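Each remark here refers to the structure printed beneath this line.
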Amino acid sequence: MTCHLLIPAAGSGKRMGADRNKLLLPLLDKPILQWTLEAAIASKAIAWIGVMGQPHDYPEFQKIFNCLNTRKPIRLIQGGATRQASVFNGLKALPADSDRVLIHDGARCLATSELFDRCDLSLQTIQGFIAAIPVKDTIKVVDGDQIVDTPNRDHLWAAQTPQGFHVDLLKNAHLTAVELGWEVTDDAALLEKVGLAVQIVMGEETNLKVTTPQDLAIAEFILKQRKF
Ligand code: CTP
Ligand code: MG
């Protein structure tokens, strides 16, 4: 059990349009972030969890932590202005002995503990991966309102989290990004930019990122199905 998990949870949830961080909104009987944490706690592979948050959310986060029935250490880490900055802060806060790290968005609250376990297993043989699923739609590349390309769908995958890496590699990639001013939307993109191989681990169809009120309704529907 040496896998560490970082959960970026320091956003504001603008697209949700609520009056607070979307991760604090209720989904069925508990906050979104609690669902994410419970799946991570149920994963045998994860030994330590760091949650990046904004200080004004700490009291609410702490309340959620207090509801969790676990002996796994859960640490609050100050988030940054972007997801990338939040992850960078998380990497700096990892215990010195950590060698493998998973990054999983707090907003992907439907990921299962089996997915975390499979991800950790992959990281024992590869240096970096992302969970992803094949896209079902035909994707168009558009410039203005003109289609310029229709890429072959066989090569298109939709990125999810968890994403996982050997800690040294990801730390170095983040340091390079700070030095060169790179801004990316996920951690795999940093490894790709420094020329390191990142593999795919099969994600989960239901592992959606709760972004809009519609996503919240879909998440509720999926969770209700799981109860039976
Ligand atoms: N996140 C973070 N630090 C930031 C911004 C985002 O840790 N400065 C986290 C979010 O809390 C979320 C994850 O990154 O768990 C994915 O981001 P997203 O779904 O975009 O969440 P928000 O940024 O909160 O939403 P929005 O973009 O609609 O404002
Ligand atoms: Mg965002």
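We count residues from 1, following the sequence as given. Counting starts at 1 for both ligands and their atoms, following the listed order. Bear in mind the structure is a predicted one, so any value in this text is a computation, not a measurement.
The closest donor-acceptor contact from the side chain of T161 to the backbone of D105 lies under 3.5 Å.
Closer than 4.0 angstrom to ligand 1 sit non-hydrogen atoms from P8, A9, A10, G11, S12, G13, K14, R15, K22, L23, G80, A81, T82, R83, S86, D105, G106, A107, K209.
In N152, the CG atom is crowded: over 12 heavy atoms of neighbouring residues, nucleotides or ligands sit closer than 6.0 Å. Shown here is K136, whose NZ atom has no more than 12 heavy atoms of other residues, nucleotides or ligands within 6.0 Å. More than 12 heavy-atom neighbours from other residues, nucleotides or ligands sit within 6.0 angstrom of CD on E220.
Residues I126 and H166 approach most closely at O-NE2, 3.3 Å, considering heavy atoms.
V135 shares a hydrophobic cluster with I139, L156; the chain of contacts runs through ILVMFWY side chains whose heavy atoms sit under 4.5 Å apart.
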